[in-house]
Amino acid sequence: MLQAYLLIGAALFCIGIYGVLTRRNAVGILMSIELMLNATNINLVAFWRFIQPFGFIPTKPADPFTGQIFAIFVITIAAAEAAVGLAIILCIYRNMEHINVDEINFLRW
Amino acid sequence: MLSANLWYNLAFIALSAVTLVSALMVVSMKDMVRCAVFLSFSFIGVAGLYILLHAEYLAMIQVLVYVGAVTVLIIFAIMLIPQAARRMMTESATQRLTGGMVGLLVFMLLVSVLLRFNWSPRPGADAQPPMEALRTFSMQLLSTYLIPFEVASVVLLVALIGAIVLAKEEQNAA
């Protein structure tokens, strides 16, 4: 059963990769990144469920919920990233009248 | 017992189908509003998978944060960007080909690794969670992971301030 969950996670992650590589619209890329973060979360929770069960097994682990807590931190960072990313996209739109990432080239070095 | 297992498998197949089909819609639709709606469907499917994995609290957080906040945030951003920019999502055929090939390559790599390894679950993986699971969970979050928890609040504060500063209209435009 663990393999099935990992397979779903891998498929979701690759759909996200496809979206990041093909989308020209910055918001579309942000949505694909959210899909990839969800795929990693599925993997984390699946590993937690099947490799480190609840902590009533004979050898009781010290921290029975590490996988879930990791997933919660990932969700937190993803929410912060979405907020900042959308604000940056709005800022770019205000300056350039479009949000096509292949035409945004005003970074100087 | 067998029928419970059958229902579990059926639910798993249905939820993963919802997740993957909606995700495919997200990366292939032309209209960004539809993409955002399908994104929320995909998030709901992932929340269902969390419930199947006995991570009910995480499923609730997923619905609250992703479906309730992130999707709404994305829809708000789309609304602030007029129709013209919204429709400019067309990708060239070479882009699709390259993206699809890279995605397929990574998928095949991951699957070959997955199938090669013997993932034997630990004993006790089939059991129900104990009743005080959520209590143990919160104790662990607020004891072992107290410092990351506090740092996460600082990160959220910084993101809040940063988003406001970035999205604010410039006053001295004239």
Side-chain angles (χ1 to χ4, degrees), chain A residues 2-8 10-12 14-19 21-25 27-28 30-32 34-35 38 41-42 45-46 49-57 63-65 68-69 71-73 75-80 82-84 86-91 93 97-100, chain B residues 12 16 19-20 23-24 26-27 32 35 39 42-43 46 49-50 53-55 58 61 65 69-70 73-74 77-78 80-81 85 88-89 91 95-96 98-100 102-103 106-107 110-111 114 119 121-125 129-130 133 136-137 140-141 144-145 148 152 155-156 159 162-163 166-167:
Chain A
L2 172 61
Q3 265 180 343
Y5 282 103
L6 295 183
L7 210 63
I8 297 298
L12 199 58
C14 294
I15 292 171
I17 287 181
Y18 172 78
L21 289 179
T22 52
R23 284 297 197 209
R24 294 173 63 209
N25 191 314
V27 178
L30 208 71
M31 287 195 236
S32 307
E34 297 294 335
L35 284 180
N38 265 278
N41 271 352
I42 290 178
V45 179
R49 176 78 177 89
F50 291 104
I51 305 292
Q52 192 201 31
F54 295 102
F56 47 79
I57 53 175
D63 296 322
F65 284 98
Q68 268 199 57
I69 287 175
I72 283 208
F73 283 126
I75 289 177
T76 312
I77 301 304
V84 175
L86 288 171
I88 290 174
I89 290 171
L90 273 185
C91 198
Y93 175 74
E97 303 290 317
H98 66 75
I99 48 171
N100 282 359
Chain B
F12 173 75
S16 43
T19 307
L20 291 184
L24 277 175
V26 170
V27 295
M32 258 165 46
C35 287
L39 189 68
S42 183
F43 288 157
V46 173
L49 287 179
Y50 289 161
L53 285 166
H54 282 296
L58 203 61
I61 293 292
V65 174
V70 171
L73 201 65
I74 288 175
I78 294 169
L80 288 170
I81 296 164
M88 266 196 287
M89 295 190 86
E91 306 102 9
Q95 243 180 332
R96 282 182 185 218
T98 325
V102 172
V106 174
F107 184 66
L110 288 176
V111 168
L114 280 185
W119 304 100
R122 280 263 205 91
T136 320
F137 176 83
Q140 194 189 338
L141 182 62
T144 315
Y145 294 97
V155 167
L156 285 176
L166 282 171

Heaviest contributor of heavy-atom pairs below 4.5 Å to chain B, chosen from A:Gly19, A:Cys14, A:Ala4, is A:Cys14
From B:Met32 atom CE to B:Ile78 atom CD1, the distance as rounded to the nearest 0.5 Å: 4.0 Å
In terms of heavy-atom pairs under 4.5 Å with chain A, which of B:Val106, B:Leu110, B:Leu114, B:Val102 leads? B:Leu114
Using a cut-off of under 4.5 Å for heavy-atom pairs, which of A:Ile42, A:Asn38, A:Leu86, A:Ile88 has the most such pairs with chain B? A:Asn38
Under 4.5 Å from a heavy atom of chain B, the part of A:Ile69 involved: both
Where does A:Ile15 contact chain B at under 4.5 Å (heavy atoms): side chain, backbone, both or neither? both
Might you work through the side-chain contact (heavy atoms from CB on, under 4.5 Å) test for B:Ile81 and A:Ile99, ending with a clear yes or no? CA-CA 9 Å; B:Ile81 296 164; A:Ile99 48 171; 3.7 Å; yes
For chain B, the option from A:Thr76, A:Val45, A:Ile17, A:Leu90 that forms the most heavy-atom pairs under 4.5 Å: A:Val45
Checked A:Ile77, A:Ile89, A:Asn41, A:Leu30 vs chain B; the most non-hydrogen pairs under 4.5 Å come from A:Asn41
4.5 Å side-chain heavy-atom contact, B:Gln95 and A:Arg24: yes
Taking side chain as everything from C-beta outward and backbone as N, CA, C, O, which of these in A:Phe73 sits under 4.5 Å from a heavy atom of chain B? Side chain, backbone, both or neither. side chain
By a 4.5 Å heavy-atom criterion (distance strictly below it), what part of B:Leu39 contacts chain A: side chain, backbone, both, or neither? side chain
Ranked by heavy-atom pairs below 4.5 Å to chain A, first place among B:Val111, B:Val155, B:Val26 goes to B:Val26
For the residue pair B:Phe137 and A:Ile72, establish whether any side-chain heavy-atom pair is separated by less than 4.5 Å. yes
Heavy-atom distance under 4.5 Å to chain B: side chain of A:Ser32, backbone, both or neither? side chain
Parallel, tilted or perpendicular: rings of A:Phe50 and A:Tyr5 (30°, 60°): tilted
Rounded to the nearest 0.5 Å, what separates atom CD1 in A:Ile75 from atom CG in B:Leu58? 4.5 Å
Identify, with sequence neighbours excluded, every residue that meets side chain to side chain contact (heavy atoms under 4.5 Å, CB included) alongside B:Ala159. A:Ala80, A:Val84
Side chain, backbone, both or neither: which part of A:Leu21 has a non-hydrogen atom closer than 4.5 Å to chain B? both
Here the pair of heavy atoms bringing B:Cys35 nearest to A:Arg23 is SG-NH2, 3.3 Å
So do A:Gln68 and B:Tyr50 actually touch side chain to side chain, heavy atoms under 4.5 Å? no
Is chain B contacted by the side chain of A:Ile8, its backbone, both, or neither, given a heavy-atom distance below 4.5 Å? both
Among B:Gly100, B:Ser42, B:Ala23, single out the residue with the greatest number of heavy-atom pairs under 4.5 Å to chain A. B:Ala23
